[in-house]
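Inspection log for the structure reproduced underneath, given as structure tokens.
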Number of protein chains: 2
Amino acid sequence: MNRTATAAGPPECARRLIQLGIRPTPQRVQIAALLLSAPQHLSAEQILAALRSSGTRVSKATVYNTLNLFAARGLIRQLSVDGSRAWFDSNTAVHYHFHDTDSGMLIDVPVPEVEFSRLPSPPPGMEVAGIDLVIRLRRKSDTDR
Amino acid sequence: MNRTATAAGPPECARRLIQLGIRPTPQRVQIAALLLSAPQHLSAEQILAALRSSGTRVSKATVYNTLNLFAARGLIRQLSVDGSRAWFDSNTAVHYHFHDTDSGMLIDVPVPEVEFSRLPSPPPGMEVAGIDLVIRLRRKSDTDR
DNA sequence: TTCCTTGCAAAACTTTTGCATTAAA
DNA sequence: TTTAATGCAAAAGTTTTGCAAGGAA
């Protein structure tokens, strides 16, 4: 089973939604097609703007409802890298992120590029549900080069 | 120089604010004293409530202004572990976190408990400003034990 | 018919801002 | 006297909710 985002047209998206038990309404299929067209990070507002400018009729509430639904079913992943807004990541494979502090841009870091030689054991009765790693970047200052 | 939060009364807090070039007004000293009384994670609203219930007269705007100021000067650290609100961490030493997905609670993970044997190099012209690691926890389900 | 989905507006929540007032250097 | 900090309320930004209307099963 392919868990990473791959280019997918609306028909393929509709199929994937059905697999997840999600009724493939036009709005949902459009949102899925946009997100899954490539591995990327989009905000709710960006998705709303993109859909509307491409002629899709959709409301803000539906965008949020749909994104939350997709995230709950594991089709996408919600990220909290800065406090200002949520980012929705179409790459659901386990991976990490670079975060450019200046521009706010996110860049995927594939799993093989990070290796933990030591991790703490979770408290009793708890288990690890996932690991979020954000490597914060800043522009090199001229004096440092 | 001690960079970790340590129990500190108002006089010691005032001294520390002055060191950082921050004028030690009563509100600022109270907020610092609350946060630095122990390593902990507090939200702006929690801080406002705690100060008011202890008799300190302070406004919401001042709490936010002060927390942002403290974070900018490195006295505390702002965390984005869930999208809903900012958490302010009085432990400014480099460290990581456990995050209990159910309760929302945060637990510090000291640096020695995590070891990276491999990390990606930053893109050209960029340097690493910091690493945020959040280990998300969930209650072990009964069937798993 | 029955259930689910959508859209719209309003509400809720967190955080920031404008501005008059107050306090400190 | 001059600058900086505070408080209040309003504004701004993001996300959620209530509810009527529409559409699919």
Side-chain angles (χ1 to χ4, degrees), chain A residues 10 13-15 17-18 20-35 41-52 54-73 75-89 104, chain B residues 10 13-15 17-34 41-52 54-73 75-89 104:
Chain A
C13 285
R15 236 170 285 137
L17 294 185
I18 292 168
L20 294 170
I22 299 173
R23 191 197 293 175
T25 67
Q27 287 85 349
R28 287 170 175 175
V29 171
Q30 290 304 312
I31 293 172
L34 173 59
L35 271 161
H41 314 98
L42 295 174
S43 68
E45 211 59 43
Q46 286 178 325
I47 291 167
L48 182 64
L51 291 190
R52 287 192 167 163
S54 77
T56 305
R57 195 174 171 283
V58 65
S59 72
K60 195 191 282 196
T62 297
V63 170
Y64 275 101
N65 286 342
T66 301
L67 290 171
N68 287 338
L69 176 64
F70 285 2
R73 299 298 174 87
L75 184 65
I76 61 177
R77 186 174 145 203
Q78 180 170 350
L79 305 178
S80 302
V81 328
D82 63 80
S84 61
R85 89 205 64 222
W87 293 100
F88 294 89
D89 190 342
Chain B
C13 285
R15 236 170 286 137
L17 293 185
I18 292 169
Q19 280 173 9
L20 293 170
I22 299 172
R23 192 196 292 176
T25 67
Q27 287 85 351
R28 288 170 175 174
V29 171
Q30 290 305 311
I31 292 171
L34 173 58
H41 314 97
L42 296 174
S43 68
E45 211 59 43
Q46 286 177 327
I47 291 167
L48 182 64
L51 291 190
R52 286 191 167 162
S54 77
T56 303
R57 195 175 171 281
V58 65
S59 72
K60 195 192 283 195
T62 296
V63 171
Y64 276 101
N65 286 341
T66 301
L67 290 171
N68 287 337
L69 177 64
F70 285 2
R73 301 296 174 90
L75 183 65
I76 60 177
R77 185 172 146 203
Q78 179 169 352
L79 305 177
S80 301
V81 327
D82 64 78
S84 61
R85 90 206 63 221
W87 293 100
F88 294 89
D89 190 342

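Naming convention: chains lettered A, B, ... in sequence-line order (proteins, then strands); numbering from 1 in each chain. Please read all numbers here as calculations on a predicted model, not as lab measurements.
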side-chain contact (heavy atoms from CB on, under 4.5 Å) partners for [X], two or more places apart:
X: A:Ser59; answer: A:Ala61, A:Thr62
X: B:Asn68; answer: B:Gln78
X: A:Ala33; answer: A:Pro10, A:Cys13
X: A:Ala14; answer: A:Pro24, A:Val29

Review item, nucleotides 10-16 of chain D N/O atoms under 3.5 Å of protein N/O:
residue : atom : partner : partner atom : Å
D:dT14  : OP1  : A:Arg85 : NH1          : 2.5
D:dT15  : OP1  : A:Ala86 : N            : 2.8
D:dT15  : OP2  : A:Tyr64 : OH           : 2.7
D:dT16  : OP2  : A:Asn68 : ND2          : 3.0

Nearest whole Å is fine: how far is [N] [atom2] from [X] [atom1]?
X: A:Leu67; N: D:dT17; atom1: CG; atom2: C1'; answer: 17 Å
X: A:Gln30; N: C:dT5; atom1: CD; atom2: P; answer: 17 Å
X: A:Asp82; N: C:dT15; atom1: CG; atom2: C1'; answer: 13 Å
X: A:Ile31; N: C:dG7; atom1: CD1; atom2: C1'; answer: 13 Å
X: B:Ile47; N: C:dT15; atom1: CD1; atom2: P; answer: 11 Å

Does OP1 or OP2 of [N] have a side-chain N or O of [X] closer than 4.0 Å?
X: B:Ser59; N: D:dT6; answer: no
X: B:Arg57; N: C:dT22; answer: no
X: A:Gln27; N: C:dG7; answer: yes
X: B:Thr62; N: D:dA5; answer: no

Going by salt bridge (charged side-chain N to carboxylate O under 4.0 Å, His left out), name the residues that satisfy it together with [X], two or more places apart in sequence or in a different chain.
X: B:Arg15; answer: B:Glu12
X: A:Arg57; answer: none
X: A:Arg28; answer: none

Distance (rounded to the nearest 0.5 Å) between B:Ile47 CD1 and B:Leu67 CG: 4.5 Å
From OG1 (B:Thr66) to CZ (B:Phe88), nearest 0.5 Å: 10.5 Å
Among D:dT6, C:dC8, C:dT6, the nucleotide that comes nearest once only the side chain of B:Thr66 is considered: D:dT6
Positions of residues 17-25 of chain B (non-hydrogen atom under 4.0 Å from DNA chain D), listed by number: B:Arg23, B:Thr25
